[in-house]
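Encoded as structure tokens, the structure appears first; notes follow it.
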Amino acid sequence: FSAILTAFNVESYQLLQPAPPDPSPAILQHISLQLGSLSYIPPSINSTYPAFSSSDTSATMSSVVPTWAIWLNALWFSGLVLSLSAASVGILVKQWLNEFQSGLSGDSEHVAKLCQYRLNNLKRCHVGSIVNAIPVLLQGALALFLAGLLVRLWNLHRVVATITSLFVLAIAVFIVGTTIAPLLTERCAYLSPQSLMIYSLWPYVPHLSRKM
């Protein structure tokens with residue numbers, strides 16, 4: 001997923017540095033205004049319009065980055081950061097769990113005490129919550145990518161953007177619905193890390209507290 005985001009970002013970041021506009025139209029317009037202001041006073045011909053200067057050229061060369069391009073890059077690069085963060089956190093968690101399993105040799109009493117000691121440390125350091133945060137980071141990266149995709153499409157073609165928006169809305173409703181459902185009914189089997197994260201922020205679900 002990070003590779004896909006990188007491919008999109010390689011193209012989108014160029015929108016933050018658009019090519020400067022062609023100064024030729026401004027120069028031709030300036031020449032036209034000069035010709036239109038010519039006055040014949042024998043024995044010379046004068047123009048009341050000022051001459052074209054290099055400062056006028058630099059003004060025409062300046063370009064403004066469109067707002068939608070800024071939003072597009074902000075969403076896609078944020079999604080890339082979340083995706084890479086999920087991979088990095090996953091590697092760290094795997095290292096912690098490997099350390100948890102290392103050195104478990106000897107008599108059963110010693111191994112049991114060592115396992116319990118390490119398990120208590122994992123709980124004390126909220127390793128379980130960190131594990132649950134990994135898929136949440138990926139879901140957030142996906143949401144940012146889809147939001148940026150819609151921003152891009154709505155500035156390209158409205159028909160394509162409308163059709164894509166319907167599919168994005170459908171998957172968003174499904175994800176949000178299956179995330180909230182376990183908080184509303186005890187018989188729901190859609191319990192996920194996203195639901196547990198919401199529960200940690202709003203721990204007023206009796207049936208879910210019995211499952212924890």
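Everything numeric in this text was worked out from a predicted model, so none of it was measured.
A single hydrophobic cluster is not seen to contain both Leu146 and Leu138; linkage of ILVMFWY side chains at heavy-atom distances under 4.5 Å, directly or through other members, places them apart. By the rule that hydrophobic residues join a cluster once side-chain heavy atoms approach within less than 4.5 Å of another member, Phe8 and Leu15 end up as members of one cluster. Under a hydrophobic clustering in which Ile, Leu, Val, Met, Phe, Trp and Tyr are joined whenever their side-chain heavy atoms come within less than 4.5 Å, directly or via other members, Leu92 and Leu97 fall into the same cluster. Both Trp68 and Leu149 are part of a single hydrophobic cluster, where members link through side-chain heavy atoms under 4.5 Å apart. Side-chain heavy atoms closer than 4.5 Å link hydrophobic residues (I, L, V, M, F, W, Y) into clusters, and following such links, possibly through other members, connects Ile4 to Val151.
With Asn132 contributing its side chain and Gln194 its backbone, the two residues share no donor-acceptor pair below 3.5 Å. Although no hydrogens or angles enter the test, the distance criterion places no donor-acceptor pair under 3.5 Å between the side chain of Arg152 and the main chain of Ala69. Panel note: side chain Thr178, backbone Ile175; a donor-acceptor pair is recorded below 3.5 Å. Of the possible polar contacts, none joining the Ser195 side chain to the Leu191 backbone as a donor-acceptor pair under 3.5 Å is found. One N or O on the side chain of Ser78 and one on the backbone of Ala74 form a donor-acceptor pair closer than 3.5 Å. Under the 3.5 Å distance criterion, the side-chain polar atoms of Ser83 are left unmatched by any main-chain donor or acceptor of Gly79. Side-chain N or O atoms of Trp76 include none that pairs as donor or acceptor with a backbone N or O of Asn9 at under 3.5 Å.
The closest side-chain donor-acceptor pair between Thr162 and Trp154, if any, does not fall under 3.5 angstrom. Arg118 and Asn121 form no side-chain donor-acceptor contact under 3.5 Å, judged by distance and modelled atom types alone.
The two residues Thr164 and Leu150 come nearest to each other via the heavy atoms CG2-CD2, 4.0 Å. The two atoms that bring Leu144 and Leu75 nearest to each other are CB-O, 3.5 Å, heavy atoms only. The two residues Gly140 and Leu82 come nearest to each other via the heavy atoms C-CD1, 3.8 Å.
Between Phe145 and Phe1, some side-chain heavy-atom pair lies under the 4.5 Å cut-off. Taking 4.5 Å as the limit, some side-chain heavy atom of Ile130 sits within range of a side-chain heavy atom of Trp96. Under the 4.5 Å side-chain criterion, counting only non-hydrogen atoms from C-beta, Leu156 is not in contact with Val160. The closest side-chain heavy-atom distance from Phe100 to Val127 is not below 4.5 Å.
How far CD1 of Ile163 is from CZ of Arg158: 14.0 Å, rounded to the nearest 0.5 Å. Taking OG of Ser2 as the reference point, atom CG of Leu84 lies at 4.0 Å (rounded to 0.5 Å). Put simply, CG on Asn73 and CG on Leu80 are 11.5 Å apart, with the number rounded to the nearest 0.5 Å. Note that CG of Leu137 and OG of Ser85 are 6.5 Å apart. Values are rounded to the nearest 0.5 Å. Rounding to the nearest 0.5 Å gives a distance of 10.0 Å between CD1 of Ile91 and CD1 of Ile134. Remark: Ser192 OG to Gln139 CD distance equals 8.0 Å, nearest 0.5 Å.
With ring centers used as reference points, Phe77 lies 6.0 Å or more from Tyr13.
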